[in-house]
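These notes are about the structure you will find just below.
What you are looking at is a predicted structure, and each value in this text was computed from that prediction instead of being measured. Quick note on labels: first sequence line is chain A, next is B, and so on, each numbered from 1.
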Amino acid sequence: MLLRENRVFAVAVGGEPKDLSVMGRMGAGELEDIEGLTFSSTAGKAVYRHSASHILAHAVKELFPDAKLAIGPATAEGFYYDFDIHVPFTPADLEAIEKRMLELIKKNSPFIRKEISKTEAAEIFGRMGETYKAELLQDIASGETVSIYEEGGFVDLCRGPHVPNTGRIKAVKLLSIAGAYWRGDEKRKMLQRIYGTAFDSKEELKKYLEFLEEVKKRDHRKLGRELDLFSINEEIGAGLILWHPNGAIIRKTIEDFWRDEHLKADYKLLFSPHMARLDLWRKSGHWDFYRENMYSPMEVEGMEYEIKPMNCPFHLAVYKSGLKSYRDLPVRYAELGTVYRFERSGVLHGLMRVRGFTQDDAHIFAREDQLEGEILNILDFTLFILNTFGFEEYDVYLSTRPEKYVGSPENWELATKALRLALEAKGLKYDIDPGEGVFYGPKIDIKVKDSLGRAWQCSTIQVDFNNPERFDVSYRGTDGKEHRPIMIHRALMGSLERFFGILIEHYAGDFPLWLAPAQVEVLTIAERHIEFAGSVSAALRKEGIRVQENFENEKIGYKIRHSAMRKVPYSVIIGDKETESGGAALSARKKNGESIGPFPIAGLIDFLTEEIKTRR
RNA sequence: GCCGGGGUAGCUCAGUGGCAGAGCAGCUGAUUCGUAAUCAGCAGGUCGUGGGUUCAACCCCCAUCCCCGGCUCCA
C-alpha cells in the first residue's frame, strides 16, 4: 500500500485531508476510503507548507517573543505567516529566523493535535496575549470544539492537518518580507508578512530557486531597458509608457497582424476619441460604478469632459448612428483603443500594470440566436491569435452571476449557457468561478501559460445586458418591430502594453523573427568589405527585412557577441570570401551560433521572408 | 493609498560629516583582424527634488516625487 512509502506524510479520508495519525484510530472497513498525501499533489503541498509556516511562527516566537501571531497559510508557491511586531523584520532577521527554523526541524518534534473547547482555547490564547488568534476564534462559528497543534512546545490554533513531525520538512527557504493588512483590510492594522517556500527535497528547492532566478532574468523591465524597447519617465508620469523604436516596431507588427486578421474575420475597424463629455459616462454607468478608476473631469467651455477609461460607449454610439436591421447583425466593431485608468501608485508595475494602455477591444452586437455562434467564433479567433504568439496552454474560467447584477435571470441563464456550450463545443476544459461575473453579464476569461508555466490573464469575453438597455440600442426584426441586440465585449490580448510585457518574458527577449526589432545584422570583417556589405543590407532592406549594420572597426568576435547580446536573430558576415564571390555564397549565423546557408543573396532573402511569413 | 527597502555617470553598482569612484557602454586614436569582449587615451555627475542642521551634507533631519517587494484591485 502507498501509505507505507515514506513519501506519504498525511492522508485524505474521503477527500478530506487528515493527519497521518488518524490511521491508528480507524477501523479496517474505513481504510478503503483513504488516500496517501504526498508532495506531488496540491493538497499534499499545502499540508507540507502549512507545517513549514508553523515552524516559521515557532522560530519567530523564539527570537521575537513580543511578536503576535496572525495567520500563516500555504500559498500556491509556498507559505507565509503574518506577525504583529513593533519593529519590522530586516533581511538579517530573515536569515536568523531561517537558521532557527532549521534547528527546529532538526529536533524532529512531533506535531500533536488536540481538540479542545472554544472557551478553553480562548482562555489559552488569551493568556498568551494572542489577540489575533482570539479574534479568529470568535469567528469560528461552527462547532463547540476547535483544534490546536503543538510542536516542540509551540502551540497554534489550526485546523490542520500537519506532517507527523518537524523533521519531515526537507527543504525550506524564507524569501521576502512585506507589509500586509490584517485580514486584507486596509482599514485595519498593517502586519509584517514573511514569505517562504518549502519542498520535499533540497533538489526541488534548488530547482525552484533557479526558476526564480530565471524569472528575474526575464523581467520585462530589465529586458526592456537592455533591448531598448520602452521606458517610463518620471517627468512624464508614473504608469505611462514610452515605446522606443525597438518596442514600437514590435507593436506595429502586432497591430498590423491584429488588424489584418480582424478584417479577415469580418470585423469593422473603428477609431474613437480619447475623451468625451461626462454625460456620456453618466449614461453608460461608468461614472456611478467605475469612478474610482477614472480621472477627474476637465472643464471645456463650461462643459465637463472625461478622459476615457473604456471604449464601449463610443462603439455603442457608432452602432446607434444608423438604423440596424436583423440582416446587419452580427455587427462586429474592433478598435485598438487607448484608455486611461487611475491606479494607485503602489500597484504600478512596468508594462504589466499602467495608467494608460491600449486595449485590443471589440464589441459585437448579435441577435439571441447568433449568440452561441459568435462566442464560438470569438473563442476560435482568440486561440488562433494567442497561438501565433507561442501560447499553447490555457486556463479557462467561466464566471457566473454575482449577487449584484442587472438584467433578468432568464437572460443570464441564456448567456451563461451559450458561453458554456461554446466552451464545450471547442472541447476546452474550464473551471467555473461562481458569482465572479461582472454586474452586467457572465464572462469567459482565458489565462495563457507562458514558457515558464506562469499563467497570465489576457483574454476576456463578456456578455453585456446593461449597455444595450442604457443606450437603448436596437435592430429592426423580421416582424418589423424593434428588438434589443445582445452585446459582447471582448479583448484577446487585453492590453497591448501588458501583452508586450508578457511576450518579453515569455520569449526572454528572444523574439521570433517576425517580431524581432532587428531581424538581421550585417557584420564586416575589415574596412575593405564595407561597400559590398552595404549592398547586401540594402538588398535585404528592399525586401522589407529589418536590417542593421555593424561596420565598426572591431574584431568579428566582438561584433558577433554584440549582435547576440542584442538578440538579433541572424547575422551575416561579410569578408573576403563573400565579397570576392559577389554574394553568390552568403551564410548567416543564428544568434545561438548555428549557421544557415550558404545561399546566393536571393536565397537568403527567401529563407528569411519564409520564416517571417510563417511567424515561427 | 498603506508597510518595508531604495534613488550616486547611459547601464550595473562601490563609497564617506572634509577633493565624487569602478566596470560596461560612449567618444578619439592605433590595429584591418573569419564566428561571443584588441589595445591606449579622453570625456562623462546639481549624488531624485525642495528645505533644514553644520565651518562643511551625497552622507544627519523634514517634506516631496519616483522605483522595488507586498497588501487591495485588475488589462
Side-chain angles (χ1 to χ4, degrees), chain A residues 80 82 84-85 87-91 93-94 175-195 216 219 221-222 225-226 228 231-240 290 292-293 309-310 337 339 341-361 438 445 447 456-460 462 489 491-502 523-530 551-566 571-578 587-595:
Chain A
Y80 64 81
D82 288 346
D84 185 2
I85 185 165
V87 183
F89 296 114
T90 65
D93 292 338
L94 219 56
L175 298 168
S176 60
I177 314 157
Y181 299 103
W182 170 233
R183 301 199 147 177
D185 180 349
E186 62 184 79
K187 291 189 194 68
R188 307 188 73 166
K189 184 146 193 194
M190 174 73 68
L191 307 173
Q192 295 298 313
R193 174 171 298 179
I194 296 181
Y195 281 94
K216 225 172 172 178
D219 191 316
R221 294 164 301 185
K222 180 172 175 276
R225 191 168 40 239
E226 284 171 7
D228 202 9
S231 66
I232 300 167
N233 184 317
E234 191 175 331
E235 220 174 341
I236 288 164
L240 302 171
Y290 204 68
E292 61 176 30
N293 284 295
M310 295 208 187
V339 297
R341 299 182 185 174
F342 172 70
E343 297 285 357
R344 299 198 288 180
S345 58
V347 306
L348 298 173
H349 181 91
L351 294 171
M352 301 300 189
R353 193 70 183 273
V354 296
R355 285 184 173 155
F357 60 98
T358 302
Q359 289 185 306
D360 68 318
D361 214 353
V438 201
D445 288 325
K447 292 187 180 183
W456 302 94
Q457 151 122 46
C458 293
S459 317
T460 183
Q462 309 180 347
H489 304 245
L492 310 180
M493 301 183 275
S495 122
L496 287 182
E497 284 74 8
R498 182 180 148 86
F499 193 72
F500 185 38
I502 294 167
L523 313 177
T524 46
I525 300 276
E527 244 168 78
R528 61 180 177 281
H529 307 123
I530 289 178
F551 298 167
E552 266 176 54
N553 183 3
E554 283 292 347
K555 286 164 73 165
I556 194 67
Y558 176 90
K559 294 187 200 180
I560 284 170
R561 179 183 153 81
H562 195 253
S563 177
M565 289 205 316
R566 298 296 300 269
S571 48
V572 179
I573 294 159
I574 305 296
D576 285 338
K577 270 188 297 189
E578 289 74 15
S587 46
R589 179 189 194 285
K590 280 196 187 185
K591 62 186 163 235
N592 64 8
E594 209 177 301
S595 84

Output yes when at least one side-chain N/O atom of [X] is less than 4.0 Å from OP1 or OP2 of [N], else no.
X	N	result
A:Arg498	B:C74	no
A:His349	B:G69	yes
A:Tyr195	B:C71	yes
A:Tyr558	B:A25	yes
A:Arg221	B:G69	yes
A:Arg589	B:A36	yes

d([atom1], [X]; [atom2], [N]) in whole Å:
X	N	atom1	atom2	result
A:Arg355	B:C65	CZ	P	11 Å
A:Ile525	B:A36	CD1	C1'	14 Å
A:Asp82	B:G70	CG	P	14 Å
A:Phe551	B:C33	CZ	C1'	17 Å
A:Glu343	B:U72	CD	C1'	11 Å

Could you say whether A:Gly350 or A:Lys577 is positioned toward the 5' end of RNA chain B, judged by the nucleotide with the nearest heavy atom to each?
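Counting from the 5' end, the first nearest nucleotide belongs to A:Lys577.
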Going 5' to 3' through nucleotides 4-13 of chain B, assign each nucleotide B (protein heavy atom under 4.0 Å from a base atom), S (under 4.0 Å only from sugar-phosphate atoms) or - (no protein heavy atom that close).
S------SS-
Any base atoms under 4.0 Å from [X], or only sugar-phosphate, or nothing? Heavy atoms, all strands.
X	value
A:Glu552	nothing
A:Leu348	sugar-phosphate
A:Ala564	base
A:Gly184	sugar-phosphate
A:Val354	base
A:Arg353	base
A:Lys559	nothing

Gap in Å between the two C1' atoms, one belonging to B:G70 and one to B:G10, rounded:
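It works out to 31 Å between them.
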With P as the reference atom in both, quote the distance from B:A30 to B:G7 in angstrom, rounded to an integer.
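It works out to 42 Å between them.
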So, are A:Arg221 and A:Asp219 salt-bridged, with charged N and O less than 4.0 Å apart?
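The answer is yes: the pair qualifies as a salt bridge.
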Measure the CD-OH distance between A:Gln192 and A:Tyr80 for me, rounded to the nearest 0.5 Å.
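Spacing of CD (A:Gln192) from OH (A:Tyr80) equals 14.0 Å.
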